[in-house]
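Since the structure comes first, as structure tokens, the remarks are kept for the end.
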Amino acid sequence: LPGLVATCARGFADGAVPRGLDVLREIAKTPRFEVAAMLIAGKAKREATEAWDEAAEAARARGDEDASRAVAALRKMYKCG
């Protein structure tokens, strides 16, 4: 899960995966997602948090308020800051 989070969030940030946030939003709807998110440990959580930081910065740099709100909401769902 953390690798997928990092890939999608970073992909959104650099424009390579424009629908990265949509993918992460759909994953969050799966059964037992909250448990899986809580079980992301140490180094993997730090990597995912860095990816969320990059996605948030990219959304701000683009002036995309909707994406900024989506990144903030998803980051909270994924328990990364």
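- You'll find the side chain of Met77 stays beyond 4.5 Å of the side chain of Glu34, heavy atoms only.
- Through direct or relayed side-chain contacts under 4.5 Å between Ile, Leu, Val, Met, Phe, Trp and Tyr, Leu39 connects to Val35.
- Atoms CZ and CD, from Arg10 and Glu54 in turn, are 4.5 Å apart once rounded to the nearest 0.5 Å.
- Using a 4.5 Å heavy-atom threshold, the side chains of Arg19 and Arg25 count as separate.
- Nearest heavy-atom pair across Thr49 and Cys80 is OG1-CB, 3.5 Å.
- Relative ring orientation between Tyr78 and Trp52 is described as tilted, the plane-to-plane angle lying within the 30° to 60° band.
- Across all their heavy atoms, Leu4 and Ile27 have their closest contact at CD2-CD1, 3.1 Å.
- Judged by the 6.0 Å and 45° rule, Arg75 forms no cation-pi pair with Phe12.
- Criterion: ILVMFWY side-chain heavy atoms under 4.5 Å apart, direct or through other members. Under it, Val23 and Val17 are not part of a common hydrophobic cluster.
- Contact detail for Val5 and Ala48: the closest heavy-atom pair is CG1-CB, 4.0 Å.
- Rounding to the nearest 0.5 angstrom, the gap separating the CG atom in Leu1 from the NZ atom in Lys45 is 10.0 Å.
- The two residues Gly15 and Arg62 come nearest to each other via the heavy atoms N-NH2, 3.8 Å.
- Nearest approach of Ala6 to Ala51, heavy atoms of both residues: CA-CB, 3.6 Å.
- The CG atom of Asp22 sits 10.0 Å away from the SG atom of Cys8 when rounded to the nearest 0.5 Å.
- Residues Ala67 and Leu21 come closest through the heavy atom pair O-CD1, 4.2 Å.
- One distance of note links CD of Glu65 with CZ of Arg60; it measures 10.5 Å at 0.5 Å rounding.
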